[in-house]
Protein chains: 2
Amino acid sequence: MIKIAIVEDNKIFREALIQLINAQSNMHLVGEFASAEYAVKEIPHILPDIVIADIEMNGMNGIEMITILKHTIPAIEFLVCTIHDNTDMVFDALRAGACGYILKDSGSESIIKSIIELYNGGAPMSPFIAKKVISEFSRPKQNNFHDLLTEREIEILQYTAKGLLNKEIASLLFLSNETVKSHLRNIYVKLQVSNKIEALHKVGLL
Amino acid sequence: MIKIAIVEDNKIFREALIQLINAQSNMHLVGEFASAEYAVKEIPHILPDIVIADIEMNGMNGIEMITILKHTIPAIEFLVCTIHDNTDMVFDALRAGACGYILKDSGSESIIKSIIELYNGGAPMSPFIAKKVISEFSRPKQNNFHDLLTEREIEILQYTAKGLLNKEIASLLFLSNETVKSHLRNIYVKLQVSNKIEALHKVGLL
DNA sequence: CTAAACCTACCCCAAATGGGGTATTGTTTG
DNA sequence: CAAACAATACCCCATTTGGGGTAGGTTTAG
């Protein structure tokens, strides 16, 4: 039995969600709130497994609410359900601690599936949202430093980024630490910097 | 009609995938490769819509292959299909340009669904992978270091993260560079590290 | 009021890093 | 083939950093 709470200021959508949840044999609605303020006060007492949350609400918005509640009771999982697919909003919600993010135009079936996936430790997202999230990883890829630095130099920079000392890198790669130093000096010249941290900045490893 | 290529060195799994694809009325298998090297050579000529790729292969691995092919033909979408759920591997694949990442223990139905989702601009992921990806966003927020480090220490770490030398930080903050050093030493003790880069790692500034 | 924490700043010394060379060995390429 | 580049490795020396102490002044909490 999955204990669910709903925070949604739009009455029509809230009622629809309530009906949907009540129709499920393996779910139990333990709370429904029309404002984030009210939810923040009450949810710590009713301890739902999952909170379905809108973001755009009068007064406190859903992001702030999730931030507060996630901090108070980390075990609660949040499924954001909103009409907004704005990039900033998506990432703000995820940073706040939401693990699922679906759009309101998803069908009932898809909402139920998302709840179950979230309950089972997954991270349900509408395809469009998922794509946004994934793209965030490949985005800062187009660093041109692959043309500028040699393979070996990149390799050494990567170990440097992990916090290894020159001599540690040297023994990892079976080199003299003087060699590692030489590579680093060449890197500095190419990137026009003068220490490790600056170099890591330039290549986006920092 | 979705044009699909398969890169998979395990013969049994490759054959199974081929059968699965061939059974779909809306998909067309345009290539199957047992090594990444071969795939890198041929795929630019056959131009599939989607490449289903293994990662762990003899010789060139899937990450390198995706990096090369994505660079050559950005329009091709990659669906990584592997037994590995290792965190580094997941993020390496996403950075390389993969948009889907599913585990081999997903059912046939789920693989077909993933292909279609990918073709429609989504980013299909196994629930466990999706959770990893999402967690990456909420991770580097309020770590505990605000409780551990003082305001001044955080301030100095932030300047350190920008690549400034101790003495540069010192003159910025109108301090002796010995004072900056003292703060850094205290930081190192608290974070249990022994140099700047490691410290930046611990607090998520790297 | 006292203790604790924080910020400041100095001492000494060792280790690590940065900056300047040079040199040998391959490999690639015009 | 010669030139250019890459990777390796050594030299010297200055600067920076890390690790150990100590210590005075201020603010905060018990």
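Chain letters run A, B, ... following the sequence lines, proteins first and then strands; every chain starts at 1. Computed over heavy atoms, backbone and side chain alike; hydrogens, waters and symmetry mates excluded. Worth saying up front: this structure is predicted, and the values here are computed from it rather than measured.
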Check: From C/dC7, D/dC10, D/dT8, pick the nucleotide closest to the side chain of B/Arg152?
Finding: C/dC7
Next item on the list: Measure the distance from NZ on A/Lys167 to P on D/dT17 and round it to the nearest whole Å.
Entry: 18 Å
Note to self: Restricting to salt bridge (charged side-chain N to carboxylate O under 4.0 Å, His left out), what partner residues turn up for A/Lys167, sequence neighbours left out?
What the structure shows: none
Check: Can you tell me how far CD of B/Glu153 sits from OG of B/Ser182, rounded to the nearest 0.5 angstrom?
Finding: 10.5 Å
Item checked: Atom-pair distance (CD1 on B/Ile187; P on C/dT8), nearest Å -> 12 Å
Check: Is the shortest heavy-atom distance from the side chain of B/Arg14 to the side chain of B/Ile18 under 4.5 Å?
Finding: yes
Note to self: Under a 4.0 Å threshold between the charged nitrogen and the carboxylate oxygen, would A/Glu32 count as salt-bridged to A/Lys11?
What the structure shows: no
Listed pairs under 3.5 Å, donor-acceptor, residues 77-90 of chain A side chains, sequence neighbours left out:
from    : atom 1 : to       : atom 2 : distance (Å)
A/Glu77 : OE2    : B/Lys131 : NZ     : 3.4
A/Thr82 : OG1    : A/His84  : N      : 3.0
A/Asn86 : OD1    : A/Asp88  : N      : 3.0
A/Asn86 : OD1    : A/Met89  : N      : 2.9
A/Thr87 : OG1    : A/Lys132 : NZ     : 2.9

Checklist line | Summary of protein contacts for nucleotides 18-29 of chain D, nucleotide by nucleotide, where a base hit scores B, a sugar-phosphate-only hit scores S (4.0 Å, heavy atoms) | finding: BBBB--------
Check: To the nearest angstrom, how far is A/Leu148 atom CG from D/dA6 atom C1'?
Finding: 14 Å
Note to self: Nearest whole Å is fine: how far is D/dA9 P from A/Leu173 CG?
What the structure shows: 11 Å
Notebook entry, point to check: Does B/Thr150 place a side-chain N or O at less than 4.0 Å from the phosphate oxygens OP1/OP2 of C/dC7?
Noted result: yes
Notebook entry, point to check: Excluding sequence neighbours, so at least two apart, what forms side chain to side chain donor-acceptor pair (under 3.5 Å) with B/Glu64?
Noted result: B/Asn61
Checklist line | Gap between atoms CG and P, on B/Asn177 and C/dC11 respectively (whole Å) | finding: 11 Å
Note to self: Rounded to whole Å, how long is the line connecting atom NE2 of A/His183 with atom C1' of D/dC10?
What the structure shows: 14 Å
Item checked: B/Met57 CE to B/Ile63 CD1 distance, which is reported to the nearest 0.5 Å -> 9.5 Å
Margin query: Looking at D/dT8, I'd like to know if its phosphate oxygens (OP1 or OP2) sit under 4.0 Å from a side-chain N or O belonging to A/Thr179.
Written below: no
Next item on the list: Could you tell me, to 10°, how much the axis swings from one end of the helix from C/dC1-D/dG30 to C/dG30-D/dC1 to the other, five pairs per end?
Entry: 50°
Margin query: Can you measure B/Phe174 atom CZ to C/dA9 atom C1' for me and round it to whole angstrom units?
Written below: 17 Å
Margin query: Please determine whether a side-chain nitrogen of the Lys or Arg among A/Lys104 and A/Asp54 lies less than 4.0 Å from a carboxylate oxygen of the Asp or Glu.
Written below: yes
Margin query: Just to verify, what does B/Glu155 make a side chain to side chain donor-acceptor pair (under 3.5 Å) with, not counting sequence neighbours?
Written below: B/Arg152
Next item on the list: Provide, to the nearest angstrom, the distance between the CD1 atom belonging to A/Ile156 and the P atom belonging to D/dA7.
Entry: 8 Å
